Peer 1: 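Sharing a structure with you now.
Quick caveat: nothing in here was measured; it's all calculated off a predicted structure. Letters A, B, ... are given to chains in the order of the sequence lines, protein chains preceding strands, and every chain is numbered from 1.
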Amino acid sequence: EANGFFTPEINQNPAAEPFSIVIPPPNVTGTLHMGHALQHTLMDVLTRWKRMLGFRTLFLVGVDHAGISTQLMVTRQLKKDEHKTPQDVGREVFTAKVWDWKNKYGGEITQQIRREGLSVDWTRERFTMEENLSRAVREVFVRLYEEGWIYRGTRIVNWCPRDKTVLSDLEVKEEKAKDGKLYYLRYPIAGVGEGEKGRGGENPQSEIRNPQSYITVATTRPETMLGDTAVAVNPEDERYKDLIGKTIALPLTGREIPIVADEYVESNFGTGAVKITPAHDANDWEIGERHGLEKLVVMNDDATMNSAAGEAFAGLDRFEARTKVVEEFEALGLLEKIEDYDVTLPHCERCKTVIEPLLSEQWFVKMDEMRDLALTLMREENLPRFFPEVPHKKVYTTWLENLRDWTISRQLWWGHQIPAWYDKDGQVYVARTKEEAVASAETTDLTQDPDVLDTWFSSALWPFSTLGWTGEEERETGRRGDGETDKSDLDVFYPTDVLVTGRDIIFLWVSRMVMTGLKFMGERPFDDVIIHGTVLDKNGQRMSKTKSNGIDPLDVFATYGVDATRMTLAGSATGIDFAWRDERVESFRNFSNKIWNATRFCLMNSDGTTNISLLANTANLSLPDKWIISRLNKTAKAVNRALGTYQFHEAVQLLYHFFWDDFCDWYIELKKDEITAGDATASAFILTILEQALRLLHPFMPFLTEELWQKLPGVSNALHNSAYASSEQTIMLTTFPTGDDSLIDEQAESAMASVIELITKIRNIRAEMNIKAGDRVSIHIAADNAMRTVLASNEAQIKKLARADKIVLANSLDVPKASARAVLTGNAEIAVPLEGLIDFEMERARLQGQIEKLDLELQRLNGQLSNANFVEKAPKEKVDELRDRKGEIDNQAATLRQNLEALN
RNA sequence: AGUCUCUUAGCUCAGUUGGUAGAGCAUUACCUUGACAAGGUAGGGGUCAGCAGUUCGAGUCUGCUAGAGACUACCA
């Protein structure tokens with residue numbers, strides 16, 4: 001960070017392609033959790049990878065002002081410290097206190113992001129409430145208003161009675177109620193059974209005998225009956241046909257309300273009759289509109305009943321009112337029954353209070369046209385591309401198709417205040433500034449709308465507002481951009497390349513960025529969207545504060561290291577939920593250790609080494625050297641391919657196995673003698689391979705690889721990508737290996753496979769025949785010329801790794817009966833004479849086991865090859881492959897059988 | 001209710017155009033080998049949820065069934 005490696009300016013190549021990612025801004029109140037750690041890791045892997053490939057790379061970081069959360073937090077603090085409410089201190093003082101809080105505590109998450117090792121550009125850090133971003137918000141609001149896409153209206157909205165603000169549909173979470181009930185209430189029909197009404201309480205039986213005197217409605221929310229202005233039935237419902245047009249004497253209110261017919265009512269649900277409360281239910285509102293019903297508001301904004309609910313109920317909380325209404329109905333004999341009923345209720349996402357649908361005047365965005373922009377982009381260009389595509393592309397598209405208007409005003413003080421002013425007569429003036437409003441109102445006597453905008457309104461502009469767009473210069477000059485530096489940022493880095501986020505905000509955020517990006521920039525905000533999975537606890541449960549089953553990434557960092565944590569997170573399949581297991585991080589902690597120790601070995605005898613060589617001509621190299629170069633380049637190619645399609649876990653697996661299996665288990669072991677003998681060439685060579693491996697690992701494990709890379713002899717900025725030639729030396733700016741086809745050597749790989757197979761078979765014999773670790777054996781090998789040449793040239797390594805003191809290579813085997821036998825791929829036979837050591841019974845069992853395995857495979861192959869259909873219809877190469885394989889196995893099995901017979 | 005995903009070794013999970021089932025952890029035996037015991041070497045362990053179909057061939061494609069889960073809408 002101090003060296004400026006994370007700013008795009010570090011790139012000196014004027015022709016460098018840009019690569020940009022914007023961070024999903026964490027809440028200013030937030031602290032790091034596993035979800036962050038996951039998405040941050042993926043973004044940083046991509047960023048470091050692209051930077052090393054020479055892209056002009058920007059990973060833009062910033063924080064979201066998080067309206068409701070932050071206001072709640074500061075409100076709580078105010079109460080604790082000063083025993084005051086926001087209203088006590090007033091808007092101006094309160095807002096100042098929020099800023100104080102932000103400046104003091106808002107930095108926690110940014111420090112944690114540094115701890116994660118994210119290579120974000122801190123010089124461009126953004127905050128949604130800062131001036132430039134706020135200007136962008138006002139500009140967008142005004143333009144949408146002028147086009148008629150933003151409007152003010154009175155509707156049923158989601159109201160949180162505790163936060164006392166409206167919420168958008170997406171900020172409402174449906175949850176099952178603990179003890180839902182369905183109440184059956186009898187509404188007396190006016191003019192029928194007149195006179196009986198008064199006696200209802202004394203003799204409810206008479207009511208039942210006279211079903212014509214009432215209509216029963218079922219409801220989960222009896223308290224709303226105080227605001228009923230109709231009862232609706234289906235027009236086709238025979239039971240109620242005659243009642244349509246009649247009226248009801250609504251109990252407890254003294255009001256008379258009509259019975260209306262509406263298709264919305266389903267005859268076979270409940271009683272087939274629905275009470276209609278237009279001011280307190282969205283569907284009832286629609287019915288009310290259709291039938292011109294009165295909209296009677298019976299609740300206050302804190303969910304207590306108001307005076308319209310009647311004297312007996314005014315001031316009661318909604319749940320108290322519910323109890324009281326039910327009691328009163330029971331007393332009147334009008335409560336038919338109460339049933340248990342599973343009901344899901346909307347809750348405030350932040351404070352978990354049950355949402356109250358409330359009639360209220362708010363600001364909305366009409367989404368139709370922007371929605372069409374987004375749908376067209378998907379239909380015509382398949383953008384953005386979702387990873388994984390299934391199911392997110394469809395979910396996104398379907399949601400857009402059914403999109404409804406967006407409620408954007410919030411009754412809060414912390415946020416972007418709506419740029420609308422009212423004069424004395426209530427006339428509204430929407431303007432970028434008060435001056436502008438004054439100019440068009442021709443009076444200074446204006447009051448600004450007290451509400452602020454939904455936090456997601458500013459988030460929706462994030463990909464371009466953070467790059468400097470305020471719309472002002474564009475408006476004045478017809479050109480896009482704002483100021484010298486910012487202008488170039490927008491030109492260079494918009495659209496961004498990829499967005500990494502969780503599936504819970506595809507609608508809240510991703511879709512809205514696409515829509516505003518298309519509308520205001522004329523271009524998509526990003527090409528690709530990676531939707532990562534959810535990190536669950538070890539029992540597969542969602543982590544949550546209430547369950548206190550969360551795993552704190554900072555604890556994991558402390559125990560296992562950031563790099564091991566990053567490998568674990570990147571190592572989980574893209575888009576799939578996964579249960580957190582400490583064992584998994586442990587294995588990557590062990591991997592870190594392995595890298596550390598392997599590097600230690602490579603450095604042990606490197607005193608004379610000053611150069612990390614570059615890999616080029618392999619003609620004069622030994623087999624293990626050619627082999628490791630080939631493996632390295634294959635791995636590099638595969639890693640680049642995997643990252644290119646965001647298969648992070650694939651890349652992790654490749655790197656893990658290349659480093660551990662190929663490099664540590666085989667290459668180091670094969671070269672050990674040379675290195676420890678002080679062979680400078682071998683030492684320089686192994687360091688070269690190691691250095692390449694560290695580069696490949698760097699995007700995933702930045703701390704460890706940098707630490708070790710700096711310790712290697714001869715590293716310098718000469719190893720940098722040419723775009724960073726003059727920078728301070730760091731692995732971060734070296735060239736990421738992409739793999740070179742000309743260095744992939746299949747011949748070397750297959751020759752090495754023979755050596756490995758031989759060593760493994762000998763070790764197997766040693767283990768199964770209980771040969772002591774210290775005992776040396778002789779190995780007799782019968783093989784063709786080619787294989788003999790390969791094995792002969794690697795005799796020293798084979799002796800060492802198989803713990804042999806003698807190797808005899810020949811055309812055919814000439815060994816004592818008391819030998820352990822095995823076969824190799826390619827018609828080679830091996831034998832280990834065990835005079836005096838061999839237990840014939842054990843050897844017979846061992847051979848028998850090998851033969852059985854081969855027979856099993858042979859059976860399968862014979863089955864397929866004797867199937868005429870297979871031979872006829874399968875591709876010729878496939879058939880030949882199986883024939884070759886069968887020949888090989890036949891030979892091996894025959895040899896082992898002979899060996900077995902020879903023992904008898 | 002609609003849409004979708006998942007079910008593979010004891011556990012947690014990979015498996016990208018259909019062609020001999022993989023990893024990590026756990027497990028068994030052996031090992032103070034000059035990088036590494038948080039390690040090494042050699043093993044054991046799976047009728048890929050079930051049924052049917054397409055195909056020469058299915059973990060992979062289609063349909064159904066059974067479990068688990070996700071999202072969206074509704075819920076008088």
Peer 1: Using whole Å, report how far CG of A/L670 lies from C1' of B/rG40.
Peer 2: 15 Å
Peer 1: May I ask you to evaluate whether A/R584 reaches the phosphate of B/rG24, defined as a side-chain N or O under 4.0 Å from OP1 or OP2?
Peer 2: no
Peer 1: Has the side chain of A/E583 got a donor or acceptor that lies under 3.5 Å from a partner of the other kind on the base of B/rC13?
Peer 2: no
Peer 1: Please determine if a side-chain N or O atom of A/N764 lies less than 4.0 Å away from the OP1 or OP2 oxygen of B/rG43.
Peer 2: yes
Peer 1: Within the structure, does a side-chain N or O atom of A/K181 lie under 4.0 Å from either OP1 or OP2 of B/rC75?
Peer 2: no
Peer 1: Phosphate oxygens OP1/OP2 of B/rC75: is one of them under 4.0 Å from a side-chain N or O of A/Y264?
Peer 2: yes
Peer 1: Rounded to whole angstroms, how far apart are CG on A/D582 and C1' on B/rA26?
Peer 2: 15 Å
Peer 1: Among B/rC75, B/rA70, B/rU20, which is the nearest nucleotide to the side chain of A/R503?
Peer 2: B/rA70
Peer 1: Figure out the CZ/C1' separation between A/R766 and B/rG40, and round it to whole Å.
Peer 2: 14 Å
Peer 1: A/Y656 side chain: which of B/rC74, B/rA35, B/rG24 is closest?
Peer 2: B/rG24
Peer 1: Measuring from the side chain of A/T344 (C-beta onward, heavy atoms only), which nucleotide among B/rU33, B/rC74, B/rG40 has the closest atom?
Peer 2: B/rC74
Peer 1: Taking the side chain of A/F870 as heavy atoms from C-beta outward, which of B/rU16, B/rG44, B/rG19 is closest to it?
Peer 2: B/rG19
Peer 1: Using only modelled atom types and a 3.5 angstrom limit, is any donor from either the side chain of A/E669 or the base of B/rA35 paired with an acceptor on the other?
Peer 2: yes
Peer 1: Using the closest heavy atom to pick a nucleotide of RNA chain B for each, name whichever of A/F578 or A/N869 lands nearer the 5' end.
Peer 2: A/F578
Peer 1: Rounded to whole Å, please give me the gap between CH2 in A/W285 and C1' in B/rC74.
Peer 2: 21 Å
Peer 1: Checking contacts here: which listed nucleotide (B/rA35, B/rG19, B/rC75) is nearest the side-chain heavy atoms of A/A874?
Peer 2: B/rG19
Peer 1: To the side chain of A/P875, which of B/rC56, B/rU16, B/rA35 is closest?
Peer 2: B/rC56
Peer 1: Any strand is fair game: report the nucleotide pairing with B/rU41 by Watson-Crick or G-U wobble, both distances under 3.5 Å, or none.
Peer 2: B/rA29
Peer 1: Report yes if a donor N or O on one partner sits less than 3.5 Å from an acceptor N or O on the other, where the partners are the side chain of A/S587 and the base of B/rC25; otherwise report no.
Peer 2: no
Peer 1: Determine the contact category for A/F507: base if any of its heavy atoms lies under 4.0 Å from a base atom, sugar-phosphate if only primed atoms, P, OP1 or OP2 are that close, otherwise nothing.
Peer 2: sugar-phosphate
Peer 1: For A/E857, answer base if it contacts any base atom (sugar-phosphate contacts may also be present), sugar-phosphate if it contacts only those atoms, and nothing otherwise; contact means non-hydrogen atoms under 4.0 Å.
Peer 2: base
Peer 1: Hey, is the side chain of A/K594 pairing donor to acceptor with the base of B/rA38 inside 3.5 Å?
Peer 2: no
Peer 1: How many Å lie between CD on A/E872 and C1' on B/rG57, as a whole number?
Peer 2: 14 Å
Peer 1: With respect to the phosphate group of B/rG39, does any side-chain polar atom (N or O) of A/N590 fall under 4.0 Å of OP1 or OP2?
Peer 2: yes
Peer 1: Would a line drawn from the ring center of A/Y214 to the ring center of A/Y187 be shorter than 6.0 Å?
Peer 2: no
Peer 1: Using only heavy-atom distances, decide whether a donor-acceptor pair under 3.5 angstrom links the side-chain of A/R589 to the base of B/rA38.
Peer 2: yes
Peer 1: Between A/H649 and A/C664, name the one whose nearest nucleotide on RNA chain B is closer to the 5' end.
Peer 2: A/H649
